[in-house]
There are 2 protein chains.
Amino acid sequence: MSYDPQLLDSASHRLIAALRGKAIFHQGDPASALYRVEHGCVRLQIGDAAGSRQVIAFVFAGQTFCAGMETHWASAHAITDTVLSRFPHVALWDLVARDSRAALNLLLSADELLTDLAHHLGRMSHSDAYERITWFVDWVAKQTKAPPGGTLDIPMSRHDIADFLGIAPETVSRLFRRMESTGRLRRVAPRRFSYHPSAAACIAVQTEVGDQAAA
Amino acid sequence: MSYDPQLLDSASHRLIAALRGKAIFHQGDPASALYRVEHGCVRLQIGDAAGSRQVIAFVFAGQTFCAGMETHWASAHAITDTVLSRFPHVALWDLVARDSRAALNLLLSADELLTDLAHHLGRMSHSDAYERITWFVDWVAKQTKAPPGGTLDIPMSRHDIADFLGIAPETVSRLFRRMESTGRLRRVAPRRFSYHPSAAACIAVQTEVGDQAAA
DNA sequence: CGGCGATTTGAATTACATCAATCTAGGTGG
DNA sequence: CCACCTAGATTGATGTAATTCAAATCGCCG
């Protein structure tokens with residue numbers, strides 16, 4: 001028994017588009033719907049009074065998201081040009097009344113986000129910056145179904161990645177460079193790489209030897 | 001419209017006791033109930049393969065908790081001798097069928113934990129260790145309704161606090177010492193303090209002057 | 001009283017942030 | 001179509017908060 005996004009299709013909804021960088025909803029605004037990403041990528045974030053920003057999650061095609069039942073506890077922004085399905089709350093209650101599986105489905109999807117967040121919290125504490133970046137790249141590859149050896153698009157800015165992983169943008173930049181030197185990534189365009197997950201360990205050793213020779 | 005823990009009382013449940021240090025459930029075990037802390041304090045945590053531990057939340061009297069609908073994504077342990085109400089899932093579904101408010105109540109409580117976790121994530125990234133500790137102490141004071149100027153019990157170990165805030169136990173110890181030097185806390189027994197939240201800023205300045213004189 | 005885990009303290013190290021200066025790509029207007 | 005322009009990205013140098021390792025101390029419980 002697991003989460004089934006297709007179940008939502010029988011609820012009333014409409015497609016909406018959001019251009020790159022545009023807000024889908026703002027932290028503090030009243031919440032009235034649940035969303036599913038059909039195409040593109042969305043960023044969920046909270047901001048505090050001091051102006052600092054925490055990116056809570058990136059949502060790729062196929063995933064649903066919301067942030068609060070009554071008031072949005074986070075903002076949502078389109079990272080790329082994005083197409084969304086919007087399911088108003090009333091349509092969801094209607095669906096739940098017609099199909100009891102839907103209620104369980106909603107609870108399971110909420111639980112899924114909770115689990116993700118809990119594990120992300122653990123990663124923030126117990127992993128160093130390089131481990132976080134490598135995890136992040138592998139995670140994006142999985143979300144976008146990028147094949148090993150193929151092309152990997154990482155559509156968000158270095159700043160977004162930094163605010164997600166809790167490190168400085170400069171450090172993100174440096175660690176991407178490090179991943180390239182291990183052969184795990186090769187840059188083919190800005191925010192686009194070729195992805196070689198297996199190349200990590202062995203080439204790292206070669207590079208160390210090379211570094212010593214250079215020094 | 002907000003969360004109402006009392007609504008649960010009309011669901012079938014029984015009281016259970018957990019001695020200090022005992023597990024209430026384990027990460028990975030099948031989940032079959034929701035719990036409410038009647039007396040004492042509970043720790044929710046996840047552990048990874050490497051043996052490192054992330055404390056997700058501390059739950060005080062009056063709060064409900066669970067970790068997953070089907071499988072527990074975290075373990076729960078009693079920090080002090082604890083009394084719990086256990087609400088089996090079947091009793092909850094029964095309640096939901098009788099009282100439609102209950103379903104919304106469950107969703108709201110899940111959302112509350114999600115919000116807490118999101119803000120905790122932000123704190124871990126954007127606050128330094130001392131800010132985290134002061135926040136934590138103030139938070140425990142609020143949870144346990146400790147009055148300013150009165151006694152504050154902080155029942156969890158330094159290690160638990162460290163794994164919650166993502167810092168080393170030694171650092172926790174040093175920062176508690178720092179809070180004592182500002183007058184915000186005075187130690188009256190192990191894990192028991194007298195609590196002076198307003199004393200923070202002004203006495204901190206006095207201490208700096210004193211430090212300079214001593215140096 | 002003795003033992004053992006929890007806590008505290010100290011000294012040395014380091015990973016990361018910060019500050020500041022380029023560099024690059026993509027969009028815009030002439 | 002090209003030159004500019006600006007936000008994002010990169011790179012280097014420097015500082016520091018917090019970890020780590022190690023040792024002493026405390027407090028609880030048998």
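The shown structure was predicted, so the numbers you read here are calculated from the model rather than taken from an experiment. Proteins get letters first, then strands, A, B, ... in listed order; numbering begins at 1 in each. Only this structure's heavy atoms are used, side chains among them; waters, hydrogens and symmetry mates stay out.
For the pair H159(A) NE2 and dA17(C) P, the interatomic distance rounds to 12 Å; values are reported in whole Å. If you take CG of L175(B) and C1' of dT8(C), they are 13 Å apart, rounded to a whole angstrom. In this structure, Y130(B) atom OH and dT19(D) atom C1' are separated by 20 Å, rounded to whole Å. Regarding I167(B), its CD1 atom lies at a distance of 17 Å from the P atom of dC16(C), rounded to whole Å. At whole-Å resolution of the value, NE2 in H126(B) and P in dA17(D) are 19 Å apart. For M156(A) and dA9(D), the CE to P distance is 12 Å, given to the nearest whole Å. Across the protein-nucleic acid pair, R174(A) atom CZ and dG12(D) atom C1' stand 7 Å apart, rounded to whole Å.
Distance from the side chain of R191(A) is smallest to dG8(D) among dG8(D), dT7(C), dC16(C). For A168(A), taking side-chain heavy atoms from C-beta onward, the closest of the listed nucleotides dA17(C), dT8(C), dC28(D) is dA17(C). The listed nucleotides are dC16(C), dT8(C), dC29(D); the one nearest the side chain of R20(B) is dC29(D). When each of dC16(C), dT8(C), dA18(D) is scored by its nearest atom to the side-chain atoms of R158(B), the top-ranked nucleotide is dT8(C).
Within the cation-pi definition used here (under 6.0 Å to the ring centroid, within 45° of the axis), R158(B) qualifies as a partner of F176(B). For the pair R186(B) and F193(B), the cation-pi criterion (under 6.0 Å, within 45° of the ring axis) is not fulfilled.
No donor-acceptor contact under 3.5 Å links the side chain of E170(A) to the base of dC16(C).
Between F87(B) and Y35(B), a ring centre-to-centre spacing not shorter than 6.0 Å is recorded.
Side-chain N/O atoms of T171(B) include one lying less than 4.0 angstrom from OP1 or OP2 on dT19(D). The side chain of R177(B) places an N or O atom within less than 4.0 Å of a non-bridging phosphate oxygen (OP1 or OP2) of dT9(C).
Among the atoms of the strands shown, only primed sugar atoms or phosphate atoms (P, OP1, OP2) are found under 4.0 Å from some heavy atom of S157(B). Counting any heavy atom pair closer than 4.0 Å across all strands shown, R132(B) reaches no nucleic acid atom.
Note that CD of E112(A) is 13.0 Å distant from CE of M69(B), once rounded to the nearest 0.5 Å.
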